[in-house]
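Beneath this line is the structure, given in structure tokens, with notes to follow.
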Amino acid sequence: MGYVSAKKPTAPSGGWSDLWKQEDYWAMWLGLTIVVLAIAFWSLGNNFLNRIVLKVPNYSDYRTAVAYISSHKSALFTLYLFFLGLFSIAVKALTGEVKRFIVGFSFLFLLSVLVSVWGSWDVMKRYNFETPLLALVVGLIISNFLKIPYWLSTALQTQFYVKIGIVLMGASLPFILILQAGSTAFAQATIIAVATFLTIYWTGTRLFSLDKRFAATLAAGGSICGVSASIAMGGTVKAEKQHVSMAISLVILCSIIMIFILPLAIKALNILPGPAGALIGTAEFADAPGMAAAAAINEQAIKTFTLMKVVGRDMFIGIWCFIMALTSITRWDKRYRNTNPNALDIWIRFPKFVLGFIIASIIITFLAASSNVMTAKTLDETIISPIIELRNWTFIFTFLSIGLSSRLKELASVGWKPFAAFTAGVLVNIPLGYLLSVVIMGNYWTTIK
């Protein structure tokens with residue numbers, strides 16, 4: 001789960017056991033559980049979720065924040081138990097290390113509260129230092145100056161948290177919008193994915209003589225969905241373990257750098273939030289860092305980022321793995337001549353949490369269409385708003401986990417040739433992303449609210 005265990009590449013079996021043994025499925029189950037609970041509480045006339053979701057108000061005097069936390073202690077503790085209960089169920093099925101997770105998550109939650117309070121300080125707001133970036137910086141400072149104990153590392157499940165957050169994001173995006181944006185996002189993602197993949201692969205193999213499997217693993221991480229794509233592609237083409245680890249390190253290192261560069265560049269160029277989110281969705285390599293960069297802009301940027309990255313690029317992982325499996329088996333290595341690629345691999349590699357994102361959107365869209373059931377205001381206040389706030393908490397867990405599990409010295413030790421090949425992809429990815437997101441399709445992305 002997350003960056004912590006990402007260096008143990010495993011290929012999904014595609015069997016029924018995957019329903020409770022894969023992180024993607026658990027992210028989908030838990031995200032949809034939260035959506036269903038929000039609807040259930042509303043139908044019973046209970047505002048439980050509204051009571052436990054906390055959002056520290058902006059303040060200039062720290063006593064305002066202290067007073068707010070003091071008056072919401074019971075709600076904060078209930079929120080902690082709510083997340084702990086849900087996450088522990090998944091941890092039990094996935095790793096079995098529930099006791100260590102409880103200890104680690106308790107620390108992570110406390111740190112998340114502190115970051116949330118600090119991020120609401122008007123000084124942070126004045127300099128656009130939003131809570132996600134603050135969480136990342138706090139995590140990086142801690143991990144690069146202190147040794148992270150194992151009991152804490154078990155709770156640093158970056159991808160698990162962000163996948164749940166993405167499923168919850170579906171509840172705030174009408175399904176018709178996903179359908180409308182789907183073709184645009186997929187077309188843009190196709191151009192980006194193909195151009196970036198081929199650039200990294202060609203540069204790695206032709207200019208720097210990297211192993212073809214290593215180059216393919218690097219290219220997948222830089223063109224599709226970061227860590228997940230590197231792991232999936234590494235397993236698909238039978239890359240060496242150390243090569244998969246190096247690809248993951250490069251993805252994380254470059255993603256962290258882009259978290260800071262992209263928002264600064266977007267604000268310097270006065271790019272509107274809609275196109276900005278789409279640009280981040282094409283330029284960033286992984287979901288979690290991309291979400292952090294989009295969150296530094298605003299809610300509209302988060303939505304267009306999600307449509308571009310999740311609906312567009314992430315869905316490519318199954319297709320690319322199938323294509324490269326075919327290439328690997330038929331052209332690269334005859335050792336695997338008895339292994340034939342199967343079209344089922346596309347489904348096996350498909351990121352299942354994306355289904356949760358779509359289902360959550362369908363559920364809320366159906367509910368909103370039943371005009372005799374509730375008004376739009378009621379829907380927003382009693383169901384969508386608490387879901388969004390719970391999503392924001394999962395994002396804070398995500399960004400803290402990225403920082404706490406990233407030691408910059410280790411990430412930077414992958415060697416100059418892989419770094420140069422990956423950088424070549426970045427040099428193609430960003431200008432092409434700007435051209436598509438801002439110049440060509442900018443008017444369309446601006447309309448996404």
query = Among all residues two or more places apart in sequence or in another chain, which pass the side chain to side chain contact (heavy atoms under 4.5 Å, CB included) test with Val137?
reply = Phe129, Ile141, Phe260

key: CZ-CD1 distance between Phe357 and Ile362, expressed to the nearest 0.5 angstrom   = 10.5 Å

key: Stepwise ring pair (Phe, Tyr, Trp, His ring centres under 6.0 Å) test for Trp121 and Tyr62   = CA-CA 8 Å; Trp121 187 21; Tyr62 75 93; 9.8 Å; no

Results of side chain to side chain contact (heavy atoms under 4.5 Å, CB included) for Pro431 - residues two or more places apart only = none

ask   = Is atom CZ of Arg51 surrounded by more than 12 heavy atoms (other residues, nucleotides or ligands) closer than 6.0 Å?
value = yes

inquiry  = For a 4.5 angstrom cut-off between non-hydrogen side-chain atoms, does Tyr80 reach Leu76?
reply    = no

inquiry  = Run the salt bridge (Lys or Arg N to Asp or Glu O under 4.0 Å) test on Lys163 and Glu23 for me, step by step, so that the C-alpha distance in whole Å, both residues' side-chain angles and the decisive distance to 0.1 Å come before the verdict.
reply    = CA-CA 9 Å; Lys163 288 171 183 176; Glu23 179 180 277; 3.0 Å; yes

request  = Determine whether more than 12 heavy atoms belonging to other residues, nucleotides or ligands lie under 6.0 Å from atom CH2 of Trp118.
outcome  = no

message = Tell me whether Trp393 at atom CH2 has more than 12 heavy atoms from other residues, nucleotides or ligands lying less than 6.0 Å away.
response = yes

remark   = Value for CG (Asn47) from CD1 (Ile52), rounded to nearest 0.5 Å, stands at 10.5 Å

remark   = dist Leu400:CG -> Leu114:CG (nearest 0.5 Å) comes out at 9.5 Å

inquiry  = Which residue is it: Tyr25, Trp29, Phe87, Trp26? I am looking for the one with a ring pair (Phe, Tyr, Trp, His ring centres under 6.0 Å) to Phe160.
reply    = Phe87

task = Could you tell me whether the side chain of Ser405 reaches within less than 4.5 Å of the side chain of Ile148, counting heavy atoms only?
result = no

message = Within the structure provided, determine whether Leu84 and Phe101 are in side-chain contact (heavy-atom separation under 4.5 Å).
response = yes

ask   = Can you tell if the side chain of Leu140 reaches within under 4.5 Å of the side chain of Ile256, non-hydrogen atoms only?
value = yes

ask   = What distance separates Phe397 CZ from Leu156 CG, expressed to the nearest 0.5 Å?
value = 12.0 Å

